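To keep things clear, I will list the structure first and then write my remarks on it.
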Number of protein chains: 2
Amino acid sequence: MARLPEYLRALHNLAETGHDTVSSEGLASAAGVNSAKLRKDLSHLGSYGTRGVGYDVALLIEQIEYVLGLTQRRAVALVGVGNLGHALAGYAGFATRGFRIAALFDADPSRVGERINGLVVHHIDDLTQIAAAESIAIGVIATPAPAAQSVADQLVAAGVTSILNFAPCVLSVPEGVDVRKVDLAIELQILSFHEHRKASLTSLPATGPAGGLTALPGGLSATGTEEAVGT
Amino acid sequence: MARLPEYLRALHNLAETGHDTVSSEGLASAAGVNSAKLRKDLSHLGSYGTRGVGYDVALLIEQIEYVLGLTQRRAVALVGVGNLGHALAGYAGFATRGFRIAALFDADPSRVGERINGLVVHHIDDLTQIAAAESIAIGVIATPAPAAQSVADQLVAAGVTSILNFAPCVLSVPEGVDVRKVDLAIELQILSFHEHRKASLTSLPATGPAGGLTALPGGLSATGTEEAVGT
DNA sequence: CGCGATTTGTGCACGACTTCACAAGCGCCT
DNA sequence: AGGCGCTTGTGAAGTCGTGCACAAATCGCG
Ligand SMILES: NC(=O)c1ccc[n+]([C@@H]2O[C@H](COP(=O)([O-])OP(=O)(O)OC[C@H]3O[C@@H](n4cnc5c(N)ncnc54)[C@H](O)[C@@H]3O)[C@@H](O)[C@H]2O)c1
Ligand SMILES: NC(=O)c1ccc[n+]([C@@H]2O[C@H](COP(=O)([O-])OP(=O)(O)OC[C@H]3O[C@@H](n4cnc5c(N)ncnc54)[C@H](O)[C@@H]3O)[C@@H](O)[C@H]2O)c1
């Protein structure tokens, strides 16, 4: 499940605060999900919880890390050392959560050779060679959108089978290669949609540009993390 | 729906390449989704497509932008001008897709007053006042995790009703406030999970740490964008 | 040693979403 | 003007995920 990393983060927090065991209720609220859903998720991994007590935090961490394949520290290649790429290269959160940025790449000759956070920027043409040497299976694309497909092709050719794409475009990759996309503008637009919806509910429904669809004819869903009362 | 922004991006691309109309098939492949799903999505907005022809690109853009509430350029507050915050502040993609970074905030006195991309960094204590003046309804949190909840509270107090959170933690906000989270480490961990799964399928299933769960007992889902053959 | 409090694991039902398949509508070509 | 091919919009079935509610299991305490 895609929620396991969230549980893992919550578990690490709990472990640091001295908890040895957690109830499904406690972990669920820490991870921001329903407790029934959490129990079902954990039961899918054939989990080790003790009825009447809860889950052993350390054991559960070990279990989830194993399922996520985090027992080995995975090497990641970062392509595109621009505005965003610099921030990513300097991000400590990767190292603390199971990943190692093994190499940086860029196509701009003036950037090649630059040192960032102890890593040298390589030219993209050296990708295949270095990827093999470092056994890199995960690539991060932080180039402009027009270059993203080309970079993706090169990553795949270099043996990368998982790609995290920050460029706002869809990538075509062969079967067997996984792509996840992060598009900040889309996130904001989804928030904007909710703003628009909220505004339509409170004020009088001003007529739209092309007719009468103000508050959305049918109910839309919107796949979003929402609310939770404080304290 | 959360897919509308993706359609919108694809439509803008099509418009720039000179297309006046698109078939659902064409737009679907450009956005990376099933054509039936796309048609159903568009029909939910009471859409204007012409049978036998397709959709009018310009009209559809107008429709979707209206539904997403992008007819007005929304003001965004960015809190936390560190590593990531700098990259976000300098990102042109926000401006081209309906948003305006209206103000930057940080708690570090040495950062206050700094100019980034034409914007001055304000102290977080001035948030309420400036948010009201600029009518900011969307906030972006790019502070370390321990500060995120406090910042969220201040944003809510300042009238912000939508938050995009980059800190790896769950936020508690009052009902009516929307929160979306972007956690890069989680994205990578999901990719790692797929890597692990792929490896388990090909090689012999090496026994896990606590027993015999290697390739996952039940089938997991994993909510992921995947494949699509090239050319 | 037994009982009650507590918490997990899960059967079940409901709802949402996805996908197929096809009828209805539209334009173009003859 | 009429037929034909193309495309939309949608009915319906199947799939998946969610959440409730409860039985089974375990611990602590008397
Ligand atoms: N900056 C942000 O905060 C931000 C936020 C969201 C999304 N993005 C997206 O991330 C991507 C990068 O953004 P940015 O602001 O860092 O852009 P940028 O222009 O600052 O950096 C892009 C880098 O990619 C390099 N590059 C270009 N073509 C390349 C190629 N073929 N191979 C290797 N490297 C190549 C360039 O030399 C440059 O260093 C863009 O697609 C952008 O839309 C950026
Ligand atoms: N750098 C990345 O590429 C990256 C990637 C993913 C996630 N993140 C997350 O984004 C967040 C920021 O990362 P970063 O690398 O930019 O960290 P950073 O330490 O470079 O920047 C954090 C900034 O927040 C400011 N800040 C701290 N407390 C504040 C408060 N109470 N109010 C206002 N401002 C405050 C600090 O002064 C600092 O300028 C972190 O939670 C990190 O986990 C960063």
Side-chain angles (χ1 to χ4, degrees), chain A residues 1-4 6-7 10-11 14 19-57 59-60 63-64 67 190 210-211 213 216-228, chain B residues 1-4 6-7 10-11 14 19-57 59-60 63-64 67 190 210-211 213 216-228:
Chain A
M1 293 282 186
R3 284 184 295 269
L4 288 180
E6 193 69 47
Y7 302 158
L11 283 167
L14 288 167
H19 296 73
D20 288 339
T21 61
V22 233
S23 69
S24 65
E25 199 72 44
L27 182 54
S29 74
V33 300
N34 186 300
S35 69
K37 183 165 19 181
L38 180 132
R39 285 200 300 276
K40 186 150 292 189
D41 286 346
L42 294 187
S43 74
H44 278 319
L45 346 157
S47 157
Y48 285 51
T50 317
R51 300 181 183 213
V53 178
Y55 297 91
D56 182 284
V57 173
L59 177 60
L60 201 50
Q63 290 281 328
I64 294 181
V67 172
I190 293 173
L213 69 149
L216 277 310
L220 295 199
S221 69
T223 312
T225 334
E226 292 185 51
E227 38 46 80
Chain B
M1 295 280 190
R3 283 184 295 269
L4 288 180
E6 193 70 44
Y7 302 158
L11 283 166
L14 289 167
H19 296 73
D20 287 340
T21 61
V22 236
S23 69
S24 65
E25 199 72 44
L27 181 54
S29 73
V33 298
N34 187 302
S35 70
K37 182 163 21 179
L38 181 134
R39 284 202 299 278
K40 184 145 292 188
D41 286 346
L42 294 187
S43 75
H44 278 318
L45 345 158
S47 156
Y48 285 52
T50 319
R51 303 183 179 211
V53 178
Y55 297 91
D56 183 282
V57 173
L59 177 60
L60 202 49
Q63 290 281 327
I64 294 181
V67 172
I190 294 173
L213 70 147
L216 277 311
L220 295 200
S221 69
T223 312
T225 336
E226 294 185 49
E227 42 43 80

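Chain A is the first sequence line, chain B the second, and so forth, proteins listed ahead of strands; every chain is numbered from 1. Only a predicted model underlies this, so the values are computations on that prediction, with no experimental measurement involved. For the numbers below, each heavy atom of this structure counts, side chains included, while hydrogens, waters and symmetry mates do not.
- Inter-residue side-chain proximity for B:L45 and B:L4 is flagged as met; some heavy-atom pair is nearer than 4.5 Å.
- An OP1 or OP2 oxygen of D:dT8 is reached within less than 4.0 angstrom by a side-chain nitrogen or oxygen of B:S24.
- A:Y55 places none of its side-chain heavy atoms less than 4.5 Å from the side chain of A:Q63.
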Please assess A:Y48 against A:L60 for the test side chain to side chain contact (heavy atoms under 4.5 Å, CB included), listing each intermediate value before the final yes or no. CA-CA 7 Å; A:Y48 285 51; A:L60 201 50; over 6 Å; no

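- Atom-to-atom, CG of B:L45 to C1' of D:dT8 comes out at 14 Å; the value is rounded to the nearest Å.
- One can place CD of A:Q63 at 16 Å from P of C:dT8, the figure rounded to the nearest angstrom.
- Here the CD1-OG distance, from B:I64 to B:S47, works out to 8.0 Å after rounding to the nearest 0.5 Å.
- Atom-to-atom, CG of A:L4 to P of D:dG17 comes out at 13 Å; the value is rounded to the nearest Å.
- When the P atom of D:dG9 is taken as reference, atom NZ of B:K37 falls 18 Å away, rounded to whole Å.
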Applying side chain to side chain contact (heavy atoms under 4.5 Å, CB included), run through A:V33 and A:E6 and close with a yes or a no. CA-CA 10 Å; A:V33 300; A:E6 193 69 47; 5.8 Å; no

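- Using a 4.5 Å cut-off on side-chain heavy atoms (C-beta onward), B:D56 and B:T50 make no contact.
- Taking side-chain N and O atoms only, A:Y55 has a distance below 4.0 Å to OP1 or OP2 of C:dG9.
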Once base and sugar-phosphate atoms are separated, protein heavy atoms under 4.0 Å mark nucleotides 20-30 of chain D, 5' to 3', with B, S and - as BB--BBBS---

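- Distance, A:L38 CG to C:dT7 P: 14 Å, rounded to whole Å.
- One interatomic measurement links the two molecules: CG of B:L59 to C1' of D:dT8, which rounds to 15 Å at whole-angstrom precision.
- Between the C1' atom of D:dT18 and the CG atom of A:D41 lies a distance of 10 Å, rounded to the nearest Å.
- Taking atom OH of residue A:Y48 and atom C1' of nucleotide C:dG9, one finds them 15 Å apart after rounding to whole Å.
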